[in-house]
Amino acid sequence: MTKKESDIINCDHSAKPAIFEMQSHIEAIEKNAAFYEEKNFDKRIEIIDLIEFQIIDQIEELLRKTDQPDELTLLKYRAEKIKSELEEIDINLFQRLQAKIKTEGYTGKGFKNLINEYVDFNWDPNNYQEEIGYDNLDIFINGLSPFQTMPEQTKDLEPEMVYYQKTPARIVFELVEKVHFTKEDVFFDLGSGLGQVAILVNLLAGVTAKGIEFEPTFCDYAKACAAELNLSNVSFINVDARKADYSEGTVFFMFTPFKGEILQEVLAVLKKESLLRKIKIITYGPCTAQVALQSWLDFAAPKDDNIYKLGVFTSL
Ligand SMILES: C[S@@+](CC[C@H](N)C(=O)[O-])C[C@H]1O[C@@H](n2cnc3c(N)ncnc32)[C@H](O)[C@@H]1O
């Protein structure tokens with residue numbers, strides 16, 4: 001017997017307990033009606049993750065080592081079937097919620113209540129993370145987006161411009177809690193990427209929200225999302241943040257969209273605006289330290305070295 005043959009036979013024997021354990025997992029999931037109830041989004045996310053990364057991945061690993069694949073192939077088919085049934089529940093859920101937002105105009109409390117129905121989300125001002133991290137709230141908010149494929153970037157960024165990365169949804173919730181928006185406020189996201197921050201701020205606070213984005217395909221994507229959800233008070237402008245018109249803005253958000261000279265130029269533009277009316281600047285990420293050096297701004301949030309804690313600045 002060659003070494004490879006003996007490995008296969010050993011594997012078929014030693015795999016038995018693992019196969020048995022996976023079979024019982026699959027059976028338990030199939031029988032648990034709670035996973036199939038639409039409202040149990042959180043539970044479903046965890047179980048889809050378990051099926052994908054603990055069951056299917058393990059089956060594939062064992063399949064690579066066996067010459068008797070029948071039992072494992074059948075098990076894999078069962079696991080994939082449950083996974084796609086559970087995913088189908090979420091697809092239908094999100095289609096229904098998108099239609100609700102579009103036709104019934106959920107903003108403010110109504111939108112927060114809608115989220116609370118599905119995601120166990122408690123914003124705790126003392127519970128900060130030391131890094132950018134995404135959670136079930138992000139998966140839920142992503143699901144509400146009418147488009148799921150990220151567009152290709154068409155323009156090269158200048159060295160001081162920062163590539164697209166999404167602000168975690170819980171940070172946008174926190175921003176809305178901290179800003180205490182009034183109806184008159186106009187929110188700007190500088191470097192708005194795919195538009196999620198401006199859209200969420202509009203849905204959570206009901207205020208007019210605008211995004212400024214350098215990359216035209218991102219800007220088109222964000223415009224299409226807002227139009228698809230029927231959000232008439234959300235708009236996106238494809239322009240370099242140094243050249244944008246901020247004359248209506250009262251609250252400006254930056255998830256470090258640029259650094260160095262570009263950041264200084266944009267801050268100089270915002271300083272001019274602050275001479276005409278009081279403004280707030282909210283920062284996230286490394287740009288907070290630079291914004292904190294501006295003598296025309298008051299740092300309202302407690303000083304902290306954690307760059308992934310929102311910076312809240314008010315013009316003097
Ligand atoms: C870190 S991402 C933040 C995206 C978005 N604000 C969010 O939080 O989901 C930075 C974004 O800024 C854009 N950007 C970089 N430099 C810019 C500039 N000078 N003017 C406008 N947008 C810029 C990038 O294309 C990118 O989409």
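Order of appearance sets the numbers: ligands from 1, and atoms from 1 within every ligand.
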Worksheet, complete the sentence: Near Ser192 (heavy-atom distance under 4.0 Å), the atoms of ligand 1 are 5 (C), 6 (N)
Worksheet item: Do Phe111 and Ile101 come close enough that some side-chain heavy atom pair is under 4.5 Å?
Response: yes
Worksheet entry | Interfacing atoms of ligand 1 (cut-off 4.0 Å, heavy-atom, Lys166) | 9 (O)
Discussion item. Checking Glu273 against Lys278 for the side-chain contact (heavy atoms from CB on, under 4.5 Å) test, could you report, in this order, the C-alpha distance in whole Å, the side-chain angles of both residues, the deciding distance, and whether it holds?
Written reply: CA-CA 8 Å; Glu273 293 296 332; Lys278 237 184 175 23; over 6 Å; no
Worksheet item: Are the side chains of Leu267 and Ile281 in touch, meaning some heavy atoms are under 4.5 Å apart?
Response: yes
Fill in: Protein heavy atom at shortest distance from atom 11 (C) of ligand 1
Gly191 O, 3.5 Å
Discussion item. Consider ring-ring contact (aromatic ring centres under 6.0 Å, His included). Of Phe299, Phe253, Trp296, Phe252, which one does Phe313 pass it with?
Written reply: Phe299
Worksheet entry | Ligand-residue contact atoms, ligand 1 with Gln165, heavy atoms, under 4.0 Å | 1 (C), 2 (S), 3 (C), 4 (C), 7 (C), 8 (O), 9 (O)
Fill in: Side chain, backbone, both or neither: the part of Tyr284 lying under 4.0 Å from ligand 1 by heavy atom
neither
Worksheet item: Looking only at protein heavy atoms, which one is nearest to atom 15 (C) of ligand 1, and how far off is it?
Response: Pro257 O, 3.2 Å
Item to complete: Identify whether Ile48 and Ile59 are in the same connected component of the hydrophobic contact network (ILVMFWY, side-chain heavy atoms under 4.5 Å).
Response: yes
Fill in: The one among Cys219, Gly193, Ala241, Gly195 that brings a heavy atom closest to atom 20 (N) of ligand 1
Ala241
Fill in: Approximate separation, where rounding is to 0.5 Å, of Ser24 OG and Ile19 CD1
11.5 Å
Worksheet, complete the sentence: Nearest non-hydrogen contact to atom 8 (O) of ligand 1 from the set Val239, Val162, Thr167 belongs to Thr167
Worksheet item: Got an N/O contact under 3.5 Å between Asp240 and ligand 1?
Response: yes
Practice prompt. With heavy atoms under 4.0 Å as the rule, classify the contact between Phe258 and ligand 1 as side chain, backbone, both or neither.
Written response: side chain
Worksheet, complete the sentence: In ligand 1, the atoms that come under 4.0 Å of a heavy atom of Met161 are 15 (C), 16 (N), 19 (N)
Response to the item:
For Asp189, the ligand 1 atoms with a heavy-atom partner under 4.0 Å come out as 5 (C), 6 (N)
Worksheet item: So which of Arg242, Lys259, Glu213 gets nearest to atom 25 (O) of ligand 1, if we judge by its closest heavy atom?
Response: Glu213
Fill in: Which of the ligand 1 atoms, numbered from 1, are nearer than 4.0 Å to a heavy atom of Val197
7 (C), 8 (O), 9 (O)
Fill in: Tyr134 six-ring centre to Lys166 NZ/CZ under 6.0 Å and within 45° of normal
no
Practice prompt. Could you list which atoms of ligand 1 come closer than 4.0 Å to a heavy atom of Phe214?
Written response: 17 (C), 18 (C), 20 (N), 21 (C), 22 (N), 23 (C)
Worksheet item: In terms of the angle between their ring planes, are Phe94 and Phe41 parallel, tilted or perpendicular, with boundaries placed at 30° and 60°?
Response: perpendicular
Discussion item. Just so I know, are the side chains of Glu37 and Lys43 near enough to count as touching, which here means a heavy-atom distance under 4.5 Å?
Written reply: no
Worksheet entry | Between Thr283 and Thr288, a side-chain donor and acceptor under 3.5 Å | yes
